[in-house]
There are 2 protein chains.
Amino acid sequence: MNGKVTIYDIAKKLNITAATVSRALNGNQNISEKTRKMVLEAAHEMNYKQNKLALALKSGRSNYIGVIVPRINTNFFGSVIRGLEEELNAKGFNIIITQSHNDEAMEAKNIETLIDSHVDAIFISSSSKSSKALQKVLDAKIPLIFFDRRKIMDNVSSVTIDDFTGGYMATKHLIDTGCRKIAHIVSGPIELEIFRERHRGYQQALEDHHIEYRKEYVLKTNSSIEEGKRAVDILFNLPEKPDAIFSASDFVALGAIQELQARNIKVPEEVSVIGFANEPFTDFLELSITTVDQFPLEMGRTAARVYLNQETNPENKNIQKKVVLEPKLILRKSTR
Amino acid sequence: MNGKVTIYDIAKKLNITAATVSRALNGNQNISEKTRKMVLEAAHEMNYKQNKLALALKSGRSNYIGVIVPRINTNFFGSVIRGLEEELNAKGFNIIITQSHNDEAMEAKNIETLIDSHVDAIFISSSSKSSKALQKVLDAKIPLIFFDRRKIMDNVSSVTIDDFTGGYMATKHLIDTGCRKIAHIVSGPIELEIFRERHRGYQQALEDHHIEYRKEYVLKTNSSIEEGKRAVDILFNLPEKPDAIFSASDFVALGAIQELQARNIKVPEEVSVIGFANEPFTDFLELSITTVDQFPLEMGRTAARVYLNQETNPENKNIQKKVVLEPKLILRKSTR
DNA sequence: CTGTTAGCGCCTTCAA
DNA sequence: TTGAAGGCGCTAACAG
């Protein structure tokens, strides 16, 4: 009744030894069917619970998995975590979720904490410019798996989407629908690969269609509605105003649309807008937003499987696997 | 470099004993300044990390806190968790977040897992009709703290908002602005107190203003956009159509508005709509939604403090504390 | 001030 | 098939 029953208690009651109880409980073969049954029954009666802490100390494996994301309250990260959960819980792992709030110091602290907690692996969508903190994970011999936001590191598997293609297809769609003066909002630290790649896709699409790349059309912001408004403020004070905006974030796209409408600029007739991530709200706005889907659920599941596969097959241990998912353009009303 | 340095390694190197190293590391007074310094330096040099698992086994305290919510990817729960994080991380606790996905069996499983993991406390927004699984937490002598969705249980503290008042103020606002045929959508299991109370507030407001309560105006649904549409479908096939809808969920309110607009019914001119929770999207829709704010960040912080206070002062141990926060009506465009 | 000892709960050799 | 013993890493008596 107390949750404090140990194998010794069972042993004492049954006049056997703790080792035997342990064997019975763990399906060890070297034990008589009779004692096994006896032990199992007693364990059930006494409401025995294995102490995972002791097991962890003994085995060196905690069955905890650490997850670090910028924020949990978006559909994107929520869904990735759901995918991780599905696969990892089924294998008996617990997930410890931590948020970096896009702060490098906070992320480093979370990493420290997870290492200290002896998690069996760390899944991270990293907000860090430096790999210093991440290197500590490897130094501690803890498997590290990137998803979405990865860093270039040896011996680390990753599951990402092809952000270059995402940026390319978004930009190409704008071009295909007649836009020529296409602005791009880098709605996050350009030091992060995802934003660099989306930007590169944008650049490449322009080049392939012989459209000049203009520095003044590329803005760097954070991922917030406010920043989207601010971006429009800047862009539409330029001598030559854009006729389309490709934002690397849905939230910034939303802010941009709001500000455009506030200025009585028609979306998409005068200006087309594309976001990124396919957050649910992009769909249920009156003026729904064209965006790029990143398949977060699948990303989570895949990341989990990559890890499980590494762990199960020791020969895969040091094989870094880079899975790249294809993004998908979702056409809605904010583009022509 | 390996993360496997123990106090014995340090002791050996320094020709002292592990106990002394432990003392030095833990700020014990009974130790000479000289040895303390020596140990601290060596520990740093050898990159010593305390093994939390061993500490947990020894002390019986894991420094893990379990949190169970229906879903993490809403602003409401995301913010509550942020509040919990702020307060608990500062005190050295790690947070394990689990999702019940509004499923009673899943919630029971999460509870089991957290108990097995020897968490020091469990914070829960419960989706369960029965208290059976929750009782196990108490049986295991683990402190339990409810937030938002509580159950009636002895010896359990809770932090909630006054859902009755929330329902009342929403309904009263509709009445005050001229609505008389007010429908209510119970957008979740009526077995849960929050939905019962919001409904009760609705009922009381009608009564206080001498408006008849009509069974056919009260619908039970899940919390999804689709269900909001379906609700309107039902309500507007009634002989006498409502002129207002109070939904206990923002998502259902959104679906309702979408369906009303699809039917060319003007919001709020013909039908006013109020949601609940103040999810961000209610604000940034073109037709922003009037709703009830629940102060989730404060809820999380408060819940954490209630627990910390109980733990710190043993005399508070068995005092259940019921904190009730006041909700706030947020006026927007979906009501007159 | 420091060392010795024991034990948290479990599992796993090694013997018997 | 079972028991005895040791150890995972740490801390807290108890001695000295």
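In this text the structure is predicted, and so the values were computed from the model without any measurement.
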Would A:Asn94 and B:Ser117 satisfy side chain to side chain contact (heavy atoms under 4.5 Å, CB included), going step by step from the backbone distance to the final call? CA-CA 9 Å; A:Asn94 272 331; B:Ser117 305; 2.9 Å; yes
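B:Arg150 and B:Glu193 are joined by a salt bridge, as a carboxylate oxygen and a charged side-chain nitrogen come within less than 4.0 angstrom of each other. In this structure, B:Lys151 does not pair ionically with B:Glu191, as no charged nitrogen and carboxylate oxygen lie closer than 4.0 Å. Salt-bridge check for B:Glu33 with B:Arg36: passed, with a basic side-chain N closer than 4.0 Å to an acidic carboxylate O. The pair B:Arg301-B:Glu86 counts as a salt bridge, with a side-chain nitrogen and a carboxylate oxygen less than 4.0 angstrom apart. Note on A:Glu311 versus A:Arg61: no salt bridge recorded, every NZ/NE/NH1/NH2 to OD/OE distance being 4.0 Å or above. A salt bridge links A:Glu85 with A:Arg82; the closest basic N to acidic carboxylate O contact falls under 4.0 Å.
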Would you list the protein and nucleotides 6-9 of chain C atom pairs, both N or O, that sit under 3.5 Å from each other?
residue: C:dG7; atom: N2; partner: B:Lys58; partner atom: NZ; Å: 2.7

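Rounded to whole angstrom, the span from the NZ atom of A:Lys37 across to the C1' atom of D:dT1 amounts to 17 Å. Remark: C1' of D:dT1 and CZ of A:Arg36 are 11 Å apart, rounded to the nearest angstrom. In this structure, CG of B:Asn28 is placed 11 Å from P of D:dT11, rounded to the nearest angstrom. Residue B:Gln29 contributes atom CD, which lies 16 Å from atom C1' of D:dA12 at whole-angstrom precision. Between the NE2 atom of A:His118 and the C1' atom of D:dC10 there is a distance of 11 Å, rounded to whole Å. Between B:Leu53 atom CG and C:dC11 atom P the separation is 14 Å, expressed in whole Å.
Closest non-hydrogen pair, A:Asn63 versus A:Gly92, comes out as CB-O, 3.9 Å. In plain terms, the two heavy atoms of A:Ala303 and A:Val159 that are nearest each other are CA-CG2, 3.6 Å.
Taking CD1 from A:Ile95 and CG from A:Leu88, the interatomic distance works out to 5.0 Å, rounded to the nearest 0.5 Å. Distance check, rounded to the nearest 0.5 Å: NE2 of A:His118 to OH of A:Tyr64 gives 13.0 Å.
Five base pairs at each end of the helix from C:dC1-D:dG16 to C:dA16-D:dT1 define two local axes, and these are offset by 50° (rounded to 10°).
Taking 4.0 angstrom as the limit, B:Thr35 places a side-chain polar atom (N or O) nearer than this to OP1 or OP2 of C:dT2. Not one side-chain nitrogen or oxygen of B:Asn30 sits closer than 4.0 Å to the OP1 or OP2 atom of C:dT2.
For residues 10-23 of chain A, proximity to DNA chain C is found at A:Ala19, A:Ser22, A:Arg23, defined as any non-hydrogen atom under 4.0 angstrom from a strand atom.
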